[in-house]
Amino acid sequence: MKVKDLVARLSKFDPNLEVLCATEDEGLVGADELVRFLDIQDTISPVEGTPGRDDSGAFTFSFGSGPGTRKILVIDVTSVF
């Protein structure tokens, strides 16, 4: 998702609503949970590196600069509220 796409989606809602992230991803959700909620932290920053996939198909990211790298905006989230 691009920043402009996220901004466009969020602009359709009341700007005073609180925002939480949620996932049902089995790799992040505990055995006793159906969903895990994540709170957005103040840290939102661009990083440079190379995104990819490992042998199991899981997302990977290698930080660094140089040929083949790109800038990506990272939004820090936490499960601790």
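Linking Ile, Leu, Val, Met, Phe, Trp and Tyr whenever their side-chain heavy atoms come within less than 4.5 Å leaves Val29 and Leu38 in two separate clusters. Follow the hydrophobic side-chain contacts under 4.5 Å out from Ile75 and you never reach Phe59; the two are in separate clusters. Side-chain heavy atoms closer than 4.5 Å link hydrophobic residues (I, L, V, M, F, W, Y) into clusters, and following such links, possibly through other members, connects Ile40 to Leu10.
Listed by first and then second residue, the side chain to side chain donor-acceptor pair (under 3.5 Å) pairs that reach into residues 54-70 are Glu48-Thr69, Asp54-Ser56, sequence neighbours excluded. Residue pairs meeting the salt bridge (charged side-chain N to carboxylate O under 4.0 Å, His left out) criterion with at least one partner in residues 25-42, sequence neighbours excluded, are Glu33-Arg36. Listed by first then second residue, pairs satisfying side chain to side chain donor-acceptor pair (under 3.5 Å) with a partner in residues 9-21 number zero, not counting sequence neighbours.
Looking at Ile72 and Pro51, their side chains come closer than 4.5 Å, going by heavy atoms from C-beta outward.
When the side chain to side chain contact (heavy atoms under 4.5 Å, CB included) test is applied to Val3, the partners found at least two apart in sequence or on another chain are Val7, Leu73. Residues that satisfy the side chain to side chain contact (heavy atoms under 4.5 Å, CB included) test with Phe63, not counting sequence neighbours, are Val47, Phe61.
Dense packing is recorded around CG of Leu17, with more than 12 heavy atoms of other residues, nucleotides or ligands lying under 6.0 Å away.
Think of Phe81 as one node in a network of Ile, Leu, Val, Met, Phe, Trp and Tyr side chains linked at under 4.5 Å; its network also takes in Leu20, Val35, Phe37.
Val77 and Cys21 make their closest contact through CG1-SG, 4.2 Å (heavy atoms, listed as atom of the first residue, atom of the second, distance). Across Met1 and Asp5, no two heavy atoms sit closer than the pair CG-CB, 3.9 Å.
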